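Since this is a predicted model, take the numbers as computed values, not measurements.
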Amino acid sequence: MSFGRPGFTDNFKVSPPQRGSFPLDHDGDCKEAMLSYLKCLKSNANDNGKCRLQSKKYLECRMDNGLMTRDDFQNLGLGDVVDPSLPKLEATTSPTSNPASSSISTPTTTTTTTQESATVPQERI
């Protein structure tokens, strides 16, 4: 028996972290993103809720450089964070993914047909 440790430690088992371990950024690949995040924390009295965009950029950098396993941002709690400097993806993807796109193209075809029939009489005159 040793002094200074509780008696229940003999049965205590260590479990690995849920997400596993990941290497340190020895080369400084994500140093800029890390400093941006730490600067944001400092300027916002360590309120990490106000620095979610910087957190997302830092984690994205780590994933891009192989410093952590790629995971969906929804799983990391950052799925709703949107970078305001990037164009919105919803506006560019909604016409192609919208099932009503066939009805949108139909009036365009009809308009083209109407324009063609309108140009045909003009050629005869």
Side-chain angles (χ1 to χ4, degrees):
M1 177 182 243
S2 69
F3 294 101
R5 72 174 191 173
F8 69 86
T9 58
D10 295 335
N11 296 330
F12 183 73
K13 295 185 181 187
V14 178
S15 61
Q18 290 180 353
R19 296 271 179 199
S21 62
F22 50 88
L24 298 175
D25 188 9
H26 292 293
D27 296 331
D29 295 329
C30 299
K31 187 174 183 176
E32 184 179 324
M34 176 198 59
L35 291 175
S36 172
Y37 176 67
L38 292 174
K39 183 178 178 182
C40 179
L41 284 176
K42 187 175 182 178
S43 65
N44 288 298
N46 291 326
D47 183 4
N48 64 355
K50 294 180 180 176
C51 302
R52 295 180 76 219
L53 178 61
Q54 289 81 1
S55 176
K56 183 176 182 178
K57 287 182 178 182
Y58 175 64
L59 292 174
E60 187 171 27
C61 178
R62 290 190 63 86
M63 287 187 256
D64 290 344
N65 289 298
L67 295 170
M68 68 182 283
T69 306
R70 184 155 295 280
D71 198 352
D72 189 23
F73 284 111
Q74 290 288 353
N75 296 336
L76 299 173
L78 298 168
D80 61 336
V81 178
V82 179
D83 189 354
S85 65
L86 297 176
K88 292 185 179 180
L89 296 175
E90 295 174 6
T92 58
T93 58
S94 60
T96 57
S97 63
N98 188 358
S101 63
S102 61
S103 64
I104 293 172
S105 63
T106 304
T108 306
T109 306
T110 307
T111 305
T112 305
T113 307
T114 307
Q115 289 175 352
E116 289 174 3
S117 62
T119 58
V120 172
Q122 291 176 353
E123 291 175 4
R124 291 181 185 171
I125 297 176

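You'll find the side chain of Leu78 reaches within 4.5 Å of the side chain of Ser55, heavy atoms only. No side-chain heavy atom of Cys30 sits less than 4.5 Å from a side-chain heavy atom of Asp64.
Summarising the geometry, atom CG belonging to Asn65 is positioned 9.0 Å from atom CG belonging to Asp27; distances are rounded to the nearest 0.5 Å.
The two residues Cys40 and Gln54 come nearest to each other via the heavy atoms SG-OE1, 3.8 Å. Here the shortest heavy-atom pairing between Pro23 and Gly66 reads CG-O, 4.4 Å. Heavy atoms only, all atoms of each residue included: Met63 and Met68 are closest at CG-CG, 3.7 Å.
At a threshold of 4.5 Å between side-chain heavy atoms, the hydrophobic network of Ile, Leu, Val, Met, Phe, Trp and Tyr places Val82 and Phe73 in two separate groups. Hydrophobic clustering (side-chain heavy atoms under 4.5 Å, transitive across Ile, Leu, Val, Met, Phe, Trp, Tyr) keeps Leu59 apart from Leu67.
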Q.
Show, in sequence, the C-alpha distance, side-chain angles and deciding distance for Cys51 and Asn44, and conclude whether the side chain to side chain contact (heavy atoms under 4.5 Å, CB included) test is met.
A. CA-CA 8 Å; Cys51 302; Asn44 288 298; 3.7 Å; yes
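The closest donor-acceptor contact from the side chain of Arg52 to the backbone of Asp80 lies at 3.5 Å or more, if one exists at all. Without hydrogens or angle criteria, Ser43 side chain to Lys39 main chain gives a donor-acceptor distance under 3.5 Å.
A salt bridge between Lys56 and Asp83 is absent, with no side-chain N of the basic residue lying under 4.0 Å from a carboxylate O of the acidic one. Electrostatic pairing of Asp29 and Arg62 does not count as a salt bridge here, judged by no charged N lying under 4.0 Å from a carboxylate O.
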